[in-house]
Each structure stands twice: as structure tokens, then as C-alpha cells.
Number of protein chains: 2
Amino acid sequence: MGKTAVNTLERRTGIALWRQVADQIRQGVITGLQANDRLPPEAELAARFGVNRHTVRSAIAALEKEGIVRAEQGRGTFLNDRKRLRYPIGQRTRFSSGLQSQARTRSGKLISSQTCPAPLKVSEALALASGAEVVRLETVSSADGVPVSAATSWFEAARFAEIAEIYGQTGSITASLALLGVADYTRKSTGIQARHASKEDLDLLALSPGAIVLLTEAVDIDAEAKPVLFGQSRFAADRVELAIENTVSPPPQAASKEEMA
Amino acid sequence: MGKTAVNTLERRTGIALWRQVADQIRQGVITGLQANDRLPPEAELAARFGVNRHTVRSAIAALEKEGIVRAEQGRGTFLNDRKRLRYPIGQRTRFSSGLQSQARTRSGKLISSQTCPAPLKVSEALALASGAEVVRLETVSSADGVPVSAATSWFEAARFAEIAEIYGQTGSITASLALLGVADYTRKSTGIQARHASKEDLDLLALSPGAIVLLTEAVDIDAEAKPVLFGQSRFAADRVELAIENTVSPPPQAASKEEMA
DNA sequence: AGTTATTTGTCCGTATGTATT
DNA sequence: CAATACATACGGACAAATAAC
């Protein structure tokens, strides 16, 4: 038999059919199932999904506006290839050096900053007295001009009062901390969640409604194991993959603490 | 001014307004912003979201069917609390011991298994000759009876021919490998992505359409650093948080030179 | 040249779902 | 529980561009 493929779409779920079709096609892209070339013709897709051709056309129109595919009259509809960046997370997590080999240019932009009493979660993460003053930075990091992550970072105000200004100039957390006397810092812990992007993140990351973000919560510590930074980053899930590479030291015991590239 | 909170919902995105409202309320739950008690009255929510009260009612009806909230005549609408499990990822990643302290019971169920030639990605991950035979396991792991993750795992067939049967009995990868002579294994690498759940995962994880999964791709190696397992797990993003805890060995003393942009 | 088949693009009308008043 | 406006989904028909023969 042909491809009766009953990829059962659900009706009256509050999500339009054309969007469900678009989501499925997009997922086909990111799974890497399809190469960089032609999609099946609209009529075939319609049959495959069990919907009208117009519905498929709506889906394709949406994908085209997103830049996922391009439709050419008479020829067909083609996938635009877009690879995910690989963002390494480990004891030594840094935006710029982590993407060094994958993007020609990287940049960090300061969106806003504020000094205020620390929320409970922040004071705990930074091991501060409850109510201590902290600086909050809202930043967006891009690779080759494409926004990759939006981050909210908290620093102890007493120690890092000028970090907002310095970050505004350097565009780099690592560089800013270095200027403020933190020669080196390491990642203590990272929590990872996934959710739909908020309205603000849609703007900051130039995503379309319904997009997914990978949300990381991390604490960085200095050489004396004192917390310097609590950060909450939202990565555009269709542009980034988080990679945890455990430095090659198999079972416990003798561990090599070196890093290499 | 009251709370004119313009959480601007987007129209004609293919996602019905009532569903966007429901999603926002649900996210409020999972972010922990709201306690376990009462939601604002419908009229206030309507004002807050800038929609009609009927629309809010549709949203709440949907959330009630999902078990997220309960509406009570004359009293109001209340949140049912649900916390995320914390799933640790590190060199020693194991399902059961990782959730030990958070769930009374844990179990792994074998959905299906198959022996076939390794796909390219799998043979590379396991360092096998291309086309080597592998065993593929489809499993679902649950905590306190609630499905947490659906996983696809590949093993070298020559070495682990009976793993499907053994897993079916033990319900544990660690136990199964032990019975097959792998006393210990460690995590070599973990990649993390996020996407919408596929139709199959919606079933396996008992999720509702539009749900998000955290997708991890991991390679586990034995004491001789030989790959034993390539696994692809899908975690229900609204039930689980992935946690990367870097074993406390702060900075490598000798300052860093290899970093910086 | 032309002719046909394939595929995307546009137009018509109609029924149902969604959202507001 | 209306009445209304708009978005969504379907069905059919034809035009326009492309490719192959």
C-alpha cells in the first residue's frame, strides 16, 4: 500500500491544524531526517497528514516566514538547512570560547540592569544574607548576528557594583569579571529545563510564537569556591544543543583535572 | 492603576487564545510563581490577559480537564501543586538512584525491542563497524507510577544479545548490564535538546498535545572506556528538571590560558 | 519550436470554530 | 443565550512556472 501514514493530528485542541502540520515538518527538519532539498509536493503532504491542500499551504507559508523552507512555483518547496550550535556545558562554561569554532563572530549585548535586594532564590544561590543588594543584568548573546541566548545574571552588589557598565563595554562576562578581579571562575551547578518562550524572550531572541527555549540555571564560583554569579539563561532550542562533555576520567579514583581542546 | 498587565497574547498564530491563556496559567504553576491556592477571579484574569471572560473560562475548563486546577462553585479556582523531579546528570547517571530520594517507587518498562543493523549515528557512537548488528530497546521509566522518560537505547548485539529479555525482568539498565558482565559504567557525553513531544511520546508519557520533552543523547562507557550504550531519552519537561552537578573539584589551580576570545 | 505532466499560486464559495459584545 | 466578526478548514477550478519529452 502507499503511504497512508496516519500521523493523526488532533482537532479542536486549540491548536490550528496548519500549525500542527508546520510543527511536524519543522521537527522533521531538526531531526535531520530530511536533507537540504525538496519536500514532497503539497498534494502528497495533504494526503499524508489527512488534511486539505490549503491547510498544508498555510503550514508552508508559516514555515517560509520563519525561514525554514522556501517555495518555488513550478519546482517545489525546499528545506533551508540550519544547523544547531553546540553549546558546551561543564566546569568551564563560557559563551565565547564555547562557540569559538562554530561561529565567526560572537557578541553580548546589555539589555538592562538594575540594583535591588536579592530575591530569596538568588541570595541562596550566591550564599548572601537575605535581602543583600544584588546587581541584575539582562543580556542577549549572539553568534554571527543571530541571537542564541537571553540571560538574567545576578551578582553581589557590594563586590561587583560596576559590572553593568563594564559588561556594556566588553560584552563578555568573563572579561568583565576579570576586570573586577576574578581571574578565573568555574561552574558549580547547572539545572536544565525546557518550556515555551515567554513574550519577552520571543522578542529578545527573535523567535516566533510557540517557540521553545532551553532554560539553564547556573552558579559560578571563583577560585576560593565563593559564588560570584547566579545566572538564568534561555537558549533558542531550535538553534542550540547543550552538550555536557565529561572530561575523560572514566570511573572515580584517579582523576585528571586537565582540560584539553 | 490596577494591574493593566499587558501580557499581550498573539492572534492568528494558529494557537487559540483560550489555549494561550491556559498555557500561561500552566506555566505560572510550574515556575512556582503561584502557590497552591487560589487563582484571581475570572473577570480579573480576563482583564489581565486582555481577553473576554468567556475565553478565560475556556482556558480554565481545559486546565481542569488536565488536572492542573480545580474550580469550585462560589469559592474560586485553585491550583493543584505539582513539582518537577530533579534528574541528575553526570559521570554516574542512573535513573533509579538519581530519583531515589524524590520518589517512593521507580520502575522501567520494556515497550519493544529489535535487533537490526546499526544506523550510522549509532555505529559511530558505539564505535562499531558500520552495519554491525545492534539491539534497540524502547523503554519507559516511571517514578511513583508517573511516566518520567521514554528512552531508545542501543547495544552491541554481539556483546549484549539477551539484554532485552533481562531488562524486561529487571526493569533496570544498570542491573541488566551488571548481569551481562558490566560491573560499572560511566557517562561519556550527554547532548540536550528540547522539542515538542512526538505522537508516540505523547502516548508513552501520557502527555497532552503540545507538550514539551527534554531530549538527551548519551553515550555510556565501561571501565575500559569502551562504549556499551547509546541512548536517546525523552523527558516530560513539565515533570523533570535535568541537573548537572559538577563533582566538587573547583579550579585546576594552574590558571587558565586556553580560554578567551 | 511545441506538448504534457508536475507543482506552486490564486480565486471562488461554504461550513465550522473561535472570540467579542 | 443570543448575534456578530473573524480565523480556520475544506472543496473545486484554473492560472503560472518549471521540467521533461
Side-chain angles (χ1 to χ4, degrees), chain A residues 2-26 28-29 34-80 196 199 202 208-210, chain B residues 2 4-26 39-66 71 73 77 196 199 208-210:
Chain A
K3 28 188 84 172
T4 0
V6 255
N7 226 323
T8 330
L9 306 187
E10 319 255 348
R11 317 229 166 187
R12 63 190 140 292
T13 60
I15 300 183
L17 278 185
W18 65 260
R19 182 175 247 281
Q20 297 184 53
V21 171
D23 290 343
Q24 296 237 1
I25 294 177
R26 193 190 303 105
V29 178
Q34 318 257 120
N36 142 304
D37 319 66
R38 224 190 76 184
L39 269 71
E42 294 168 356
E44 192 176 320
L45 287 173
R48 184 125 76 186
F49 287 112
V51 299
N52 192 273
R53 188 170 79 96
H54 294 302
T55 307
V56 171
R57 286 184 57 74
S58 298
I60 290 178
L63 291 173
E64 197 162 18
K65 209 159 54 180
E66 280 185 58
I68 308 278
V69 302
R70 59 184 187 282
E72 297 179 23
Q73 180 164 145
R75 291 186 18 99
T77 305
F78 302 83
L79 289 179
N80 298 327
H196 287 106
K199 182 63 173 40
L202 288 182
S208 41
Chain B
T4 3
V6 254
N7 225 321
T8 330
L9 307 189
E10 318 255 346
R11 321 229 164 183
R12 78 192 125 249
T13 60
I15 300 182
L17 280 184
W18 64 261
R19 183 176 246 278
Q20 295 184 54
V21 171
D23 290 342
Q24 296 236 1
I25 294 176
R26 192 189 305 107
L39 267 72
E42 292 170 0
E44 191 176 320
L45 286 174
R48 181 126 77 187
F49 288 113
V51 299
N52 194 274
R53 195 171 77 95
H54 297 308
T55 308
V56 171
R57 287 185 58 77
S58 299
I60 290 180
L63 290 173
E64 196 162 18
K65 207 159 55 177
E66 278 185 61
Q73 242 339 322
T77 305
H196 287 107
K199 182 64 172 38
S208 41

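By convention in this document, chain letters (A, B, ...) are assigned in the order of the sequence lines, proteins followed by strands, and residues within each chain are numbered from 1. None of these values were measured; they are calculated from a predicted model.
Contact check for A:His196 versus B:His196: side-chain heavy atoms found under the 4.5 Å cut-off. At a threshold of 4.5 Å between non-hydrogen side-chain atoms, the residues A:Arg75 and A:Arg38 do not count as touching.
In summary, of the residues considered (B:Leu45, B:Ile60, B:Leu9), a side-chain contact (heavy atoms from CB on, under 4.5 Å) with B:Val21 occurs for B:Leu9 alone.
The distance between atom CD of A:Glu10 and atom C1' of C:dG17, rounded to the nearest whole Å, is 17 Å. Atom CG in A:Leu39 sits about 12 Å away from atom P in C:dT7, given to the nearest Å. The CZ atom of A:Arg70 sits 13 Å away from the P atom of C:dG9 (whole-angstrom rounding). If you measure from atom CZ of A:Phe49 to atom P of D:dA9, you get 14 Å, rounded to the nearest angstrom. The distance from atom CZ of A:Phe78 to atom C1' of C:dT8 is 11 Å, rounded to the nearest whole Å. Taking atom CG of residue A:Leu17 and atom C1' of nucleotide C:dA15, one finds them 14 Å apart after rounding to whole Å. One can place CD1 of A:Ile60 at 11 Å from C1' of C:dT7, the figure rounded to the nearest angstrom. For the pair B:Leu9 CG and D:dC6 P, the computed distance is 19 Å after rounding to whole Å.
At distances below 3.5 Å, at least one donor-acceptor pair connects side-chain atoms of A:Gln20 with backbone N or O atoms of A:Glu10. Put simply, the side chain of A:Glu66 never gets that close to the backbone of A:Ser208: no donor and acceptor are under 3.5 Å apart.
Proximity of B:Arg12 to the phosphate of D:dC6: no side-chain N or O atom is located under 4.0 Å from OP1 or OP2. A sub-4.0 Å separation between OP1 or OP2 of C:dT20 and a side-chain N or O of B:Thr55 is present. Proximity of A:Thr77 to the phosphate of C:dT8: a side-chain N or O atom is located under 4.0 Å from OP1 or OP2.
Residue whose closest nucleotide on DNA chain C sits further toward the 5' end, between A:Ile15 and A:Glu64: A:Glu64.
Among the atoms of the strands shown, only primed sugar atoms or phosphate atoms (P, OP1, OP2) are found under 4.0 Å from some heavy atom of B:Arg11.
You'll find that the side chain of A:Trp18 is closest to D:dA9, out of C:dT18, C:dT7, D:dA9.
Of the inter-residue distances, the one linking B:Leu63 atom CG with B:Trp18 atom CH2 reads 9.0 Å to the nearest 0.5 angstrom.
Applying the salt bridge (charged side-chain N to carboxylate O under 4.0 Å, His left out) rule to A:Arg11 yields no partners; only residues at least two apart in sequence or on another chain are considered.
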Checklist line | Under 4.0 Å protein heavy-atom contact, by nucleotide of nucleotides 11-21 of chain D - B base, S sugar-phosphate only | finding: BBB--BBSS--
